[in-house]
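One structure below.
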Amino acid sequence: MNGQPLILVVEKNLHDLELLNSHLGILNFSCICTKQGVRAVILAQNYQPDLILLDMILSDLSANQVINYLKHNPKTAAIPIIAVKPLIRLHEYPCKMIVGSDDCITKPYNFNQLEVVICRHLNQISFLHST
């Protein structure tokens, strides 16, 4: 997709989904977006994005099920997954306890933090492909 990194955005809230899509476009990333976990799994298998932003609160599947499906599929197992948790739920279990995710951020979104986390993972991917 235009040589730009492709990010799959999985976000239950339509307003946040549109906001992320717009902001990531400004940062020169290509995005595919969905509000559903099942669709996220299908999109990840079909498009093999460079990175996945995954809302931890979905309506159809649990985010843990989505992570499990993706990490056990050879086509998607290596794709970094950044879990997105509401700040108010962070006390329930810390980001480090989200099994299978590669990183975690909180919402409401801090776009500076989001950019740093995304770039860190994309740079790691670039480094691994160049060695």
(message) Could you measure the distance from the CD1 atom of Ile105 to the CG atom of Leu54? Nearest 0.5 Å is fine.
(response) 11.0 Å

(request) Report the residue from Thr76, Thr34, Val9 that forms a side chain to side chain contact (heavy atoms under 4.5 Å, CB included) with Leu43. (result) Thr34

(message) Quick check for you: to the nearest 0.5 Å, what is the distance between Ile52 atom CD1 and Leu6 atom CG?
(response) 9.5 Å

(message) Whether Lys71 and Asp102 form a salt bridge (side-chain N of Lys/Arg under 4.0 Å from carboxylate O of Asp/Glu) is what I want to check.
(response) yes

(message) Quick check: do Ile67 and Val99 have side-chain heavy atoms less than 4.5 Å from each other?
(response) no

(message) For the backbone of Tyr69 and the side chain of Asn73, can you confirm whether one donor and one acceptor N or O come within less than 3.5 Å of each other?
(response) no

(request) Give a yes or no answer on whether the side chain of Asp60 reaches the backbone of Val38 with a donor-acceptor pair at less than 3.5 Å. (result) yes

(request) Going by the side chain to side chain contact (heavy atoms under 4.5 Å, CB included) test, name the single residue among Leu114, Asp103, Leu8 that passes it with Leu53. (result) Leu114

(request) Any chance you could measure Cys33, atom SG, to Asp16, atom CG, to the nearest 0.5 Å? (result) 11.5 Å

(request) Compare all side-chain heavy atoms of Leu20 with those of Cys31 and state whether any distance is below 4.5 angstrom. (result) no

(message) Any non-hydrogen side-chain atom of Ser59 less than 4.5 Å from a side-chain atom of Lys35?
(response) no

(request) Could you please spell out the steps behind the side-chain contact (heavy atoms from CB on, under 4.5 Å) verdict for Val84 and Tyr109? (result) CA-CA 9 Å; Val84 180; Tyr109 291 99; 3.4 Å; yes

(message) Strictly distance-based, threshold 3.5 Å: is any side-chain N or O of His23 a donor or acceptor partner for the main-chain N or O of Leu19?
(response) no

(message) Please report the interatomic distance NZ(Lys12) to CG(Leu17), rounded to the nearest 0.5 Å.
(response) 13.0 Å

(message) Is there a side-chain contact (heavy atoms from CB on, under 4.5 Å) between Leu70 and Ile81? Walk through the geometry before answering.
(response) CA-CA 9 Å; Leu70 295 173; Ile81 299 173; 3.9 Å; yes

(request) Give, for atom CG of Leu122 and atom CZ of Phe29, the distance between the pair rounded to the nearest 0.5 Å. (result) 5.5 Å

(message) With rounding to the nearest 0.5 angstrom, report the CZ to CG distance, Arg39 to Leu58.
(response) 14.0 Å

